[in-house]
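Notes to accompany the following structure.
Predicted model only: the values in this text are computed from it and were never measured. First listed ligand is number 1; within each ligand, the first listed atom is number 1.
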Amino acid sequence: MIPVEIKKSGPCELTVFWDDGHKSVFVIKYLRSECRCAGCVNEITGERMLDPQSIPEDITITAAEHVGRYGIRFSFSDTHSDGIYTWHRLRELCPCPQCRADLPSRVN
Ligand SMILES: [Zn+2]
Ligand SMILES: [Zn+2]
């Protein structure tokens, strides 16, 4: 699955349109809290070191950059820009009821 369009649909909201016609609407704070970079998640234990409470409610995305053909890197307004979100993961994170229902119970 590949996004055909990614756009900011509100001050704190990002919408991704997929090539299969699906649409994902993300609250940017949620995307930020799911960052898997070495600064946010311990590479060895997989433990999340980022406290979601510490993320400002009004966090937004200031820039986005394609990473190869497989993903995207967001720069967030809290100056964090290390997280790469692959298309696969972005789709996995889709918060819509349909995707939540399809998902096997998630580890961690
Ligand atoms: Zn991170
Ligand atoms: Zn979905």
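- The angle His80:NE2 - the Zn ion (ligand 1) - Cys35:SG amounts to 110°, with values rounded to 10 degrees.
- His22 contributes NE2 and Cys96 contributes SG; the angle these two atoms make at the Zn ion (ligand 2) is 110°, rounded to 10°.
- For the residue pair Thr15 and Lys8, no side-chain donor N or O sits within less than 3.5 Å of a side-chain acceptor on the partner.
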Open item on the list: Before you tell me yes or no, could you show the steps for Val67 and Tyr85 under side-chain contact (heavy atoms from CB on, under 4.5 Å), namely the whole-Å CA-CA distance, both residues' side-chain angles and the distance that decides it to 0.1 Å?
Closed with: CA-CA 9 Å; Val67 180; Tyr85 297 76; over 6 Å; no
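- Ion pairing of Arg36 with Asp82 is absent here, as no side-chain N (NZ or NE/NH1/NH2) approaches a carboxylate O to less than 4.0 Å.
- Between Glu34 and Arg48 there is a salt bridge, with a side-chain nitrogen of the basic residue lying less than 4.0 Å from a carboxylate oxygen of the acidic one.
- The Zn ion (ligand 1) forms the vertex of an angle spanning SG of Cys40 and SG of Cys37; to the nearest 10 degrees it equals 110°.
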